[in-house]
*Asks:* 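Quick one: the structure is below, and I'll ask about it shortly.
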Amino acid sequence: MPYRRTTLSKFIIEDQRRSGAPEPDLTSLLNDIQTACKLIALATSRGSIAPAGEPREPAVATAVNVQGEQQKPLDVTANNIMIGTCEWGGQLAGMVSEEMEQPYEIPAAYPRGRYLLVFDPLDGSSNIDVNMPVGTIFSVLRCPGGVTEPTLEHFLQPGTAQVAAGYAIYGPTAMLVLTLGAGVHGFTLDPEIGAFTLTHPGMAIPPDSHEFAVNVSNERFWEPPVRRYVDECVEGASGVRGVDFNMRWIASMVAEVHRILIRGGLFMYPRDSKDPSKPGRLRLMYEANPMAMVVEQAGGAASTGRGRILEVTPEAIHQRVPVILGSRGEVERLVRYHADYDAGADQPFKTPLFNARSLFRTA
Ligand code: AFP
């Protein structure tokens with residue numbers, strides 16, 4: 001019976017009621033976020049088909065964003081949707097987006113609220129042209145008491161301060177995965193009723209797995225503990241791990257994390273020396289922190305290799321951070337390899353990636 005299903009709206013209201021201290025503003029904000037995600041799902045599903053009678057977004061020309069990355073038209077559309085859907089309700093004091101250099105000020109026409117919203121409107125947008133999964137990542141923080149016009153410093157809170165976090169994935173089905181700090185729950189967009197519907201309650205990451213995801217083209221820039229880990233995976237049953245591993249790379253963090261929530265595994269964009277001014281590729285506040293909260297709440301682990309991601313003190317809103325997350329056993333192994341290396345207790349490193357047994361051998 002469709003009317004017996006738990007929609008996301010119903011779930012949030014019931015969860016807030018159970019919490020004993022319901023926050024109606026948070027309920028409304030999460031409802032606006034899910035509306036934005038439905039609109040972005042629709043925009044991505046239309047692909048190159050311009051909606052009849054409507055001008056194709058964006059009205060503004062796309063350019064290079066604050067990250068120095070090429071914006072796709074859908075990056076701008078998704079950003080406009082998130083802002084337009086979440087700015088008016090009176091729950092937010094400000095927003096930060098991957099696509100905007102400075103925090104977004106809530107227009108004077110709207111009341112200011114108690115929360116801050118930090119988001120990546122369309123993660124993995126290099127996948128759009130090739131019709132692969134993309135997603136939206138979001139993090140909800142409290143605006144410090146008494147602040148109605150937040151500035152940069154008010155957003156710079158560690159991931160442990162997040163009130164809620166999650167992502168929407170736009171794949172064969174659209175799903176929204178949410179944590180309010182007590183477990184992780186997945187909702188599939190039912191196109192018949194236009195509602196995200198609870199399909200994956202209590203998502204749990206298996207503690208061990210034999211699947212890893214990393215962009216191996218950066219291998220020469222990695223630190224020795226990361227090379228050691230990947231080499232041991234590639235050696236498979238013939239190496240120290242004694243078991244064959246599988247590898248995946250979708251180039252969309254949302255899709256990688258979603259796979260890990262479903263069947264376990266390890267995803268990483270570790271520290272590398274490609275650009276010494278950047279300690280990693282992924283952004284702390286709107287990629288690493290919300291995903292780390294989701295992963296930890298599902299029983300996994302999320303580390304920089306040298307500490308918990310959620311405990312990193314942000315110094316800038318677009319700050320980058322090394323990311324290693326997924327099945328707890330695998331993340332802990334990598335953390336151990338970093339500690340061994342830092343203590344000088346690591347095995348002398350010898351890469352098998354390019355030797356006679358390697359997939360990548362040249363002769
Ligand atoms: P965008 O959000 O700018 O599209 O970047 C996506 C992403 O940050 C993350 O989702 C992927 O893990 C990573 O880029 C993939 O990048 P490469 O395949 O270029 O290593």
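FYI, the numbering just counts along the sequence from 1. Ligands are counted one by one from 1 in listed order, and the atoms in each one are counted from 1 as well.
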*Asks:* Could you tell me, atom by atom, which parts of ligand 1 come under 4.0 Å of a heavy atom of Leu122?
*Replies:*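 Checking each atom against Leu122, I get 2 (O).
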*Asks:* Report yes if the side chains of Asp120 and Met253 come closer than 4.5 Å at any heavy-atom pair, otherwise no.
*Replies:*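 Contact flag for Asp120/Met253 side chains = no.
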*Asks:* For the residue pair Trp249 and Phe267, categorise the inter-ring angle as parallel (less than 30°), tilted (30 to 60°) or perpendicular (more than 60°).
*Replies:*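 Aromatic pair Trp249/Phe267 classed parallel.
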*Asks:* Output the list of atoms in ligand 1 that are nearer than 4.0 Å to some heavy atom of Ser125, sorted by atom number.
*Replies:* 4 (O)
*Asks:* Against heavy atoms of Asn215, which atoms of ligand 1 measure under 4.0 Å?
*Replies:* 17 (P), 18 (O), 20 (O)
*Asks:* Could you work out, for atom 11 (C) of ligand 1, the closest of Met253, Glu98, Glu99 by heavy-atom distance?
*Replies:*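 Nearest option to atom 11 (C) of ligand 1, by heavy atoms: Met253.
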*Asks:* Determine the minimum heavy-atom distance between Pro314 and Met285, stating which atoms define it.
*Replies:* CB-SD, 4.0 Å
*Asks:* Provide the number and element of each atom of ligand 1 under 4.0 Å from a heavy atom of Leu282.
*Replies:* 8 (O), 9 (C)
*Asks:* Could you list which atoms of ligand 1 come closer than 4.0 Å to a heavy atom of Asp120?
*Replies:* 2 (O)
*Asks:* Can you list the atoms of ligand 1 that are under 4.0 Å from a heavy atom of Glu287?
*Replies:* 8 (O)
*Asks:* For Glu223, is there an ion pair with Arg306 - N to carboxylate O distance below 4.0 angstrom?
*Replies:* yes
*Asks:* One thing to verify: whether Arg248 and Glu256 come together as a salt bridge, which I'm taking to mean a side-chain N less than 4.0 angstrom from a carboxylate O.
*Replies:* no
*Asks:* Considering only distance and modelled atom types, tabulate donor-acceptor pairs under 3.5 Å from the side chains of residues 151-163, sequence neighbours left out.
*Replies:*
from   : atom 1 : to     : atom 2 : distance (Å)
Thr151 : OG1    : His154 : ND1    : 3.3
His154 : ND1    : Thr151 : N      : 2.9
Gln157 : NE2    : Arg142 : O      : 2.8
Gln157 : NE2    : His154 : O      : 3.0
Gln162 : OE1    : Ser139 : OG     : 2.9
Gln162 : NE2    : Gly159 : O      : 2.9
Gln162 : NE2    : Asn289 : O      : 3.1

*Asks:* Checking contacts here: is it the side chain or the backbone of Tyr286 that comes within 4.0 Å of ligand 1, counting heavy atoms only? Could be both or neither.
*Replies:*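 For Tyr286, no heavy atom sits under 4.0 Å from ligand 1.
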*Asks:* By number and element, which atoms of ligand 1 are closer than 4.0 Å to a non-hydrogen atom of Gly124?
*Replies:* 1 (P), 2 (O), 4 (O), 6 (C)
*Asks:* Under a plain distance cut-off of 3.5 Å, with no hydrogens placed, do Glu232 and Tyr337 share a side-chain donor-acceptor pair?
*Replies:*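 Per modelled atom types, Tyr337 and Glu232 side chains form a pair under 3.5 Å.
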*Asks:* Which atoms of ligand 1 sit under 4.0 Å from any heavy atom of Ser252?
*Replies:* 10 (O)
